[in-house]
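For reference, the structure is listed below as structure tokens.
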Amino acid sequence: MISIIDYGVGNLGSVKNMLKYLGIESKIITTTEELSSADKIILPGVGSWDNGVAKLKDSGLLSVLNQRVLTDKVPVLGICLGMQILLDCSEEGELPGLGWIPGKVKKFDFSQTLKENNLRIPHMGWNVTHNVKKTQLTQLIDVETRYYFVHSYYAEVINKEHELMTCHYGYEFTCAIHKENIWGVQFHPEKSHKFGMALIKSFSEL
Amino acid sequence: MGLAKRIIPCLDVDNGRVVKGVQFVDIRDAGDPVEVAKRYNEQGADEITFLDITASSDDRETTVHMVEAIASQVFIPLTVGGGIRTCEDIRRMLNAGADKVGINTAAVFNPEFVREAAQRFGSQCIVVAIDAKKVSADGEPDKWEIFTHGGRKPTGLDAVEWAIKMVEYGAGEILLTSMDRDGTKNGFDLGITRAISEAVHVPVIASGGVGNLDHLVDGVIEGKADAVLAASIFHFGEYSIQQAKQRMTDAGIEMRL
């Protein structure tokens with residue numbers, strides 16, 4: 001059973017839809033009681049940093065969430081803003097993140113790239129990812145893997161061993177992070193068709 | 001290898017059926033929206049746009065159910081447009097499973113709505129749809145104007161200036177339709193596509209006029225669009241999404257194959 005945390009940020013339905021399609025049991029949760037019995041957690045999220053961090057704090061789930069993830073080592077997957085929040089801080093806002101993985105969130109800066117490249121912000125669409133280390137989530141099929149992205153900010157981890165996947169947009173950036181039972185992806189596996197399904201399925205089998 | 005350009009089949013839905021009109025009249029039936037969306041998903045479409053062109057608001061509920069049905073079986077981004085006038089409309093569509101909403105006429109009558117929507121839901125899900133027509137005569141400098149009501153009512157708004165304003169207000173993407181070309185199969189209006197693509201920093205989707213696969217190539221290479229939208233060439237089986245992607249790849253455009 002995968003528990004999807006509803007803290008009022010983003011489209012939870014699409015994550016649930018994909019899990020259902022894959023035949024994986026899931027539940028959208030809002031209470032500490034539900035979180036206490038979660039054996040896998042998905043932390044979704046879209047929108048701005050401060051709004052997301054504040055909503056997560058207001059949800060009243062934080063202390064139990066910290067305990068489940070940091071003490072009980074329950075596997076957690078952050079998606080998009082849900083991945084960014086795993087880090088310490090962001091150029092997009094003032095509030096502190098969860099700080100589970102050391103690093104910060106930066107805005108794309110193309111001032112050093114050629115204007116002819118015509119790089120848009122947000123980075124929107126299907127881009128190729130590269131696995132940096134082999135884990136249960138990245139031992140996917142050895143073909144060109146594309147996921148769907150939509151974001152203007154990206155993760156910069158302090159410790160390189162927490163980098164799980166990279167992607168190129170103007171320059172190389174970290175698009176997935178990992179530390180022990182904590183996983184995060186900047187792209188949207190729930191909108192990334194077969195590769196997204198494979199990743200979600202791997203997470204469910206951890 | 002980097003970010004791929006996108007092909008977006010568009011479902012114009014009227015009374016629960018996919019239709020396609022020439023210049024929004026002479027409507028032909030192209031099937032059940034859920035079945036059509038599933039087919040495009042399987043063929044490798046990069047996104048799907050669902051445009052509710054039903055005149056009466058009584059059928060909103062039908063649209064919500066259809067969006068739910070599509071979102072439960074189609075795992076690529078889904079944009080829903082048509083009749084989005086309030087934040088409540090947006091909330092309902094996002095809850096039904098849409099990833100983005102298209103705001104068209106409501107933006108023209110109340111630009112602040114775009115700002116409010118972007119603040120509340122995030123720019124990433126706000127697509128501003130622009131219906132433009134060329135208003136300059138031959139020999140004059142190019143000028144395009146925004147039209148509403150299926151291209152019948154002029155607004156006096158310059159299309160390029162409007163696009164810039166909408167991005168300032170929080171649009172995360174621009175869906176640009178040439179009302180001169182829509183349904184004609186003569187290709188995109190590349191002039192306006194390029195003018196807007198060069199004027200804004202958010203992605204631009206070219207729409208209106210696709211009649212063959214070379215038109216899609218032109219939209220990206222000459223129009224500088226980030227994505228191309230088409231309906232009838234796919235609905236009636238003239239071309240598959242794979243064929244379109246192959247043609248674009250052959251032309252040197254990076255695609256998700």
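Chain naming here is simple, since letters A, B, ... match the order of the sequence lines and numbering starts at 1 in each.
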Exercise. Between Glu190(A), Lys16(A), Lys194(A), which residue shows the highest count of heavy-atom pairs closer than 4.5 Å to chain B?
Worked result: Glu190(A)
Problem set entry | Interface residue of largest heavy-atom contact number with chain B, from Lys20(A), His168(A), His123(A), His188(A), under 4.5 Å | His123(A)
Shortest non-hydrogen separation from [X] to [Y] and the atoms involved:
X: Glu47(B); Y: Tyr148(A); answer: OE2-OH, 3.0 Å
X: Arg120(A); Y: Val202(B); answer: NH1-O, 3.5 Å
X: Leu3(B); Y: Arg146(A); answer: C-NH1, 4.2 Å
X: Glu173(B); Y: Met124(A); answer: OE2-SD, 3.1 Å
X: Phe75(B); Y: Met197(A); answer: CD1-CE, 3.3 Å
X: Ser14(A); Y: Asp99(B); answer: OG-OD1, 4.5 Å

N/O donor-acceptor pair under 3.5 Å between [X] side chain and [Y] backbone:
X: His201(B); Y: Ile121(A); answer: yes
X: Arg6(B); Y: Trp126(A); answer: no
X: Arg256(B); Y: Thr145(A); answer: no

Using heavy-atom distances under 4.5 Å, tell me whether [X] contacts chain A through its side chain, its backbone, both, or neither.
X: Glu254(B); value: side chain
X: Leu94(B); value: backbone
X: Asn41(B); value: both
X: Ser123(B); value: neither
X: Ala227(B); value: neither

Seminar exercise, completed: Within residues 33-51 of chain A, the residues sitting under 4.5 Å from chain B by heavy atom, in sequence order, are Val46(A), Gly47(A)
Problem set entry | Greatest number of heavy atom pairs closer than 4.5 Å to chain A - which of Gly122(B), Ala71(B), Gly2(B) | Gly2(B)
Exercise. Most heavy-atom pairs under 4.5 angstrom with chain A, which of Met255(B), Lys5(B), Gln119(B)?
Worked result: Met255(B)
Exercise. Side chain, backbone, both or neither: which part of His151(A) has a heavy atom under 4.5 Å from chain B?
Worked result: neither
More than 12 heavy atoms from other groups under 6.0 Å of [atom1] on [X]:
X: Glu205(A); atom1: CD; result: yes
X: Glu112(B); atom1: CD; result: yes
X: Tyr21(A); atom1: OH; result: no
X: Lys201(A); atom1: NZ; result: no

